[in-house]
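Heads up, the thing below is written out as structure tokens.
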Amino acid sequence: MKQHTVIGENILKNLKQYEDEPFIKTAMHICRWHHERYDGKGYPDGLKGDEIPISA
């Protein structure tokens, strides 16, 4: 995994006082997986189809 692909997720993870907030959890999903593709050729995790969270 390339480090630069999860910078936004890492920033949000460091907000410990908000880590249980649903909005922050959704934002982390968006930051991490918004470059995934339905065919599985995206990054950082190569998720495909229904594996990709709807928020991303």
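Heavy-atom basis, side chains included; hydrogens, waters and symmetry copies ignored. The chain is numbered in sequence order, starting from 1.
- The CG atom of D45 lies 6.5 Å from the CH2 atom of W33; values are rounded to the nearest 0.5 Å.
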Using distance only, find each side-chain donor-acceptor pair of residues 19-29 under 3.5 Å and give its atom names and separation, not counting sequence neighbours.
from	atom 1	to	atom 2	distance (Å)
T26	OG1	P22	O	3.1

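- Among residue pairs with one or both ends in residues 8-17, those qualifying as salt bridge (charged side-chain N to carboxylate O under 4.0 Å, His left out) are E9-K13, E9-R32; sequence neighbours excluded.
- K48 pairs by the salt bridge (charged side-chain N to carboxylate O under 4.0 Å, His left out) definition with nothing, not counting sequence neighbours.
- Contact annotation: the side chain of C31 never approaches that of V6 to less than 4.5 Å [non-hydrogen atoms, C-beta and beyond].
- Looking at residues two or more places apart in sequence or on another chain, you find no side chain to side chain donor-acceptor pair (under 3.5 Å) involving E36.
- In terms of the side-chain contact (heavy atoms from CB on, under 4.5 Å) criterion, residue partners of I11 (sequence neighbours excluded) are, by chain and number, I7.
- Within 6.0 Å of CG on D50 lie no more than 12 heavy atoms contributed by other residues, nucleotides or ligands.
- Residues satisfying the side chain to side chain donor-acceptor pair (under 3.5 Å) test with D39, not counting sequence neighbours, are R37.
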